[in-house]
2 protein chains.
Amino acid sequence: MNNSQLYKGSLSLIILKLLEENKRMYGYEMTQKVKEQTGGELVINEGALYPALHKLEADGLLTVAVEQVGNRPRKYYSLTEKGEAETINRLEELTEFVKHMQLLLNPKLSLG
Amino acid sequence: MNNSQLYKGSLSLIILKLLEENKRMYGYEMTQKVKEQTGGELVINEGALYPALHKLEADGLLTVAVEQVGNRPRKYYSLTEKGEAETINRLEELTEFVKHMQLLLNPKLSLG
DNA sequence: CAAATATACCTCAGAAATTGATATATCAAA
DNA sequence: TTTGATATATCAATTTCTGAGGTATATTTG
């Protein structure tokens, strides 16, 4: 994530949301998907991604299944039930937050 | 700020924006203003506020004027020119970021 | 075929920001 | 007179990210 000081803490939500839509993804795939979907403007740093994945797993929001692809192992992550519920909660939290920011910064932010 | 993991890093922008609108404010006033403008839903933690104010000051974005009110000193903060420019930049950055989050999380976020 | 690039995982030191606790002190109102 | 609001501030611990580095396989291209 190259967007400096602000916006910290949104990475885990991005991961959760990606998995909500795609069911099964591996880390590298996530970095590429985000790059692609934002026209290369949002780049996930792997030094942030892997620790975040491990934390989400430790928190019981993700499960991992290792698969051998060709000669190398690949770790597919999926949401647990807890993870699905948490994703919904965090999206609501974000919506709330945007609403609050809108109240404070008025001009440009609104809900669709 | 009690709104958990996400949304870190937005505090300094909130401060800048408050000062853009109000010219002169002191710390405690900011916490009350934010509480008021968000119906009590966004609460600025003073343990975050004061370090943030000091950092913005150290970065040359704010100036301070101490005034004696009754028996106690009060610190009024204002934007410097640099601070005004920075406020505009950071608001643009936020707009960009919301745009990117919108691309990733699709459903509920949009620009006004 | 060799070299470069892409894929794919990972860790770690240091930086930055926040939480939650704690401290101090004034002042108004019950 | 003591509670609660006003007003400032610091600090340890925690979380999170950046930027760098490390390992290894697979594919493309000159």
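What's counted below: heavy atoms across the whole structure, side chains too, no hydrogens, waters or symmetry copies.
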Whether over 12 other heavy atoms sit under 6.0 Å from A/Q68 CD:
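Enclosed.
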
Verify the contact: side-chain N or O of B/Y26 to OP1 or OP2 of D/dA7, cut-off strictly under 4.0 Å; return yes or no.
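Checking B/Y26 against D/dA7: at least one side-chain N or O falls below 4.0 Å of OP1 or OP2.
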
Toward the 5' end of DNA chain D, which comes first, A/G47 or B/G27, by nearest nucleotide?
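In this pair, the answer is B/G27.
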
Touch check for A/G70, heavy atoms < 4.0 angstrom, all strands: base, sugar-phosphate only, or nothing?
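Sugar-phosphate: the residue A/G70, judged by heavy atoms under 4.0 Å, touches backbone atoms but no base.
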
Closest listed nucleotide, where the reference is the side chain of B/Y50 and the choices are D/dG19, D/dA9, C/dC27
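Of the options given, the side chain of B/Y50 lies nearest D/dA9.
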
I want to verify a distance call: between C/dT7, C/dT18, D/dA7, whose nearest atom is closest to the B/R74 side chain?
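Selected nucleotide: D/dA7.
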
Go through D/dT8, C/dT7, C/dG20 for me and flag the one nearest to the B/K75 side chain.
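Side chain of B/K75 sits closest to D/dT8.
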
As a test of reading the structure: which of C/dC10, C/dA8, D/dT6 is closest to the side chain of B/Q32, going by heavy atoms?
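Of the options given, the side chain of B/Q32 lies nearest D/dT6.
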
Could you list the donor-acceptor pairs under 3.5 angstrom formed between side-chain atoms of residues 28-37 of chain B and any protein atom two or more places apart in sequence or on another chain?
residue: B/E29; atom: OE1; partner: B/Y26; partner atom: N; Å: 3.1
residue: B/T31; atom: OG1; partner: B/Y28; partner atom: O; Å: 2.6

More 5' along DNA chain D: A/V69 or A/L49, using each one's nearest nucleotide?
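By nearest-heavy-atom nucleotide position, the 5'-most residue is A/L49.
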
A/K55 side-chain proximity, nearest of D/dT25, C/dC9, D/dT16
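In terms of side-chain proximity for A/K55, the closest of D/dT25, C/dC9, D/dT16 is D/dT16.
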
Reckon A/H54 has a side-chain N or O less than 4.0 Å from the OP1 or OP2 of C/dC9?
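No.
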
